[in-house]
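First up is the structure itself, then whatever we jot down about it.
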Amino acid sequence: KNEVEQSPQNLTAQEGEFITINCSYSVGISALHWLQQHPGGGIVSLFMLSSGKKKHGRLIATINIQEKHSSLHITASHPRDSAVYICAALTQGGSEKLVFGKGTKLTVNP
Amino acid sequence: NAGVTQTPKFQVLKTGQSMTLQCAQDMNHEYMSWYRQDPGMGLRLIHYSVGAGITDQGEVPNGYNVSRSTTEDFPLRLLSAAPSQTSVYFCASSSEGAGETQYFGPGTRLLVL
């Protein structure tokens with residue numbers, strides 16, 4: 001069982017819909033990343049958070065450390081949001097190793 | 001700034017051949033790392049470095065060597081390529097460690113026949 005699980009694996013939405021992607025982890029972590037992988041393959045960092053909530057434009061990331069759960073929300077989704085969204089956890093204990101979820105493929109139709 | 005660069009973009013090798021995947025960053029980042037991405041597997045850490053002269057193994061280090069002689073460069077060496085090493089390889093860097101914003105290179109697609 002992967003230490004970091006994402007759901008759903010695939011998600012199809014209509015333009016304008018509110019999107020939620022979930023990430024849960026089974027070990028204690030000190031930080032969690034949300035990444036976006038474009039259809040062309042490039043990977044960009046969206047958020048890094050260790051508590052609470054962060055917002056950037058239409059994207060919102062939340063984390064509940066005690067419940068071992070993080071969510072990525074997209075408001076007013078657009079076809080250009082179509083991508084694979086990946087969460088990655090930094091485990092506690094001084095490790096400098098990230099453990100990745102398998103990703104959620106989002107398709108937003110016009 | 002060029003950010004994180006990787007060369008080559010695509011490579012075909014025969015089983016048993018060796019090669020080096022290049023990764024360089026011009027942001028003076030201390031932390032650099034190598035990942036492989038396989039269908040259905042997610043990204044997996046191969047090796048990482050927290051500074052020049054310091055490297056450590058990740059989740060899947062077998063068959064790969066790294067060195068970090070300068071802050072800018074972090075090459076990944078395949079000593080004797082195997083078909084199981086067919087994958088897309090990503091290099092990433094951050095200012096201090098894995099808990100900082102990660103900057104990824106464009107990736108190298110490797111096919112081992």
Side-chain angles (χ1 to χ4, degrees), chain A residues 1-10 21 23-51 54 56 59 61 63 65 70 83-105, chain B residues 2-6 8-10 23 25 27 29-51 54-61 66 68 74 87-111:
Chain A
K1 184 170 161 49
N2 201 22
E3 291 178 321
V4 178
E5 298 281 350
Q6 285 188 239
S7 63
Q9 270 189 294
N10 293 283
I21 297 170
C23 177
S24 60
Y25 44 92
S26 57
V27 295
I29 71 166
S30 55
L32 187 131
H33 297 264
W34 280 102
L35 310 169
Q36 180 191 54
Q37 186 167 27
H38 299 292
I43 300 172
V44 295
S45 177
L46 298 176
F47 297 102
M48 194 284 296
L49 63 168
S50 55
S51 64
K54 287 190 176 180
H56 185 257
L59 301 179
I63 189 168
I65 292 287
S70 176
V84 176
Y85 293 85
I86 302 167
C87 68
L90 177 62
T91 55
Q92 289 177 332
S95 164
E96 291 294 338
K97 304 177 184 179
L98 289 174
V99 180
F100 291 77
K102 294 182 180 181
T104 294
K105 184 176 181 182
Chain B
V4 181
T5 58
Q6 289 184 239
K9 284 189 170 56
F10 179 70
C23 174
Q25 51 88 14
M27 298 174 281
H29 283 171
E30 293 294 331
Y31 182 85
M32 296 185 74
S33 53
W34 275 103
Y35 301 93
R36 58 179 290 172
Q37 186 176 41
D38 303 294
M41 297 288 293
L43 287 152
R44 290 182 292 169
L45 179 65
I46 304 172
H47 286 284
Y48 68 98
S49 169
V50 296
I54 306 169
T55 64
D56 206 347
Q57 295 182 348
E59 183 184 352
V60 287
V66 291
R68 185 96 179 268
F74 191 43
S87 188
V88 180
Y89 292 85
F90 288 95
C91 177
S93 74
S94 68
S95 58
E96 291 185 0
E100 306 287 330
T101 298
Q102 302 294 306
Y103 296 84
F104 285 81
T108 293
R109 189 173 295 272
L110 178 66
L111 175 61

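To find a chain, count down the sequence lines: A is the first, B the second, and so on, and within it residues start at 1.
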Which residues, numbered in order, of residues 89-99 of chain B come under 4.5 angstrom of chain A by heavy-atom distance?
B:F90, B:G97, B:A98, B:G99
Count the heavy atoms of every other residue, nucleotide or ligand shown that sit under 6.0 Å from CZ of B:R44, and state whether that count exceeds 12.
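Check passes, neighbour count above 12.
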Proximity breakdown for [X] and chain A, heavy-atom pairs closer than 4.5 Å:
| X | result |
| --- | --- |
| B:Y35 | side chain |
| B:Q6 | neither |
| B:L43 | both |
| B:E100 | backbone |

Is the closest side-chain heavy-atom distance between A:E96 and B:D56 below 4.5 Å?
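They are not in side-chain contact.
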Here the gap from A:I86 atom CD1 to B:Q37 atom CD, rounded to the nearest 0.5 Å, amounts to 5.5 Å
Please look at [X] and chain B and tell me whether the side chain, the backbone, both or neither of the residue comes under 4.5 angstrom of a heavy atom of that chain.
| X | answer |
| --- | --- |
| A:L35 | side chain |
| A:Q9 | neither |
| A:I43 | both |

Tell me the closest heavy-atom pair linking A:K97 and B:Q57, and the distance in Å.
CE-O, 3.3 Å
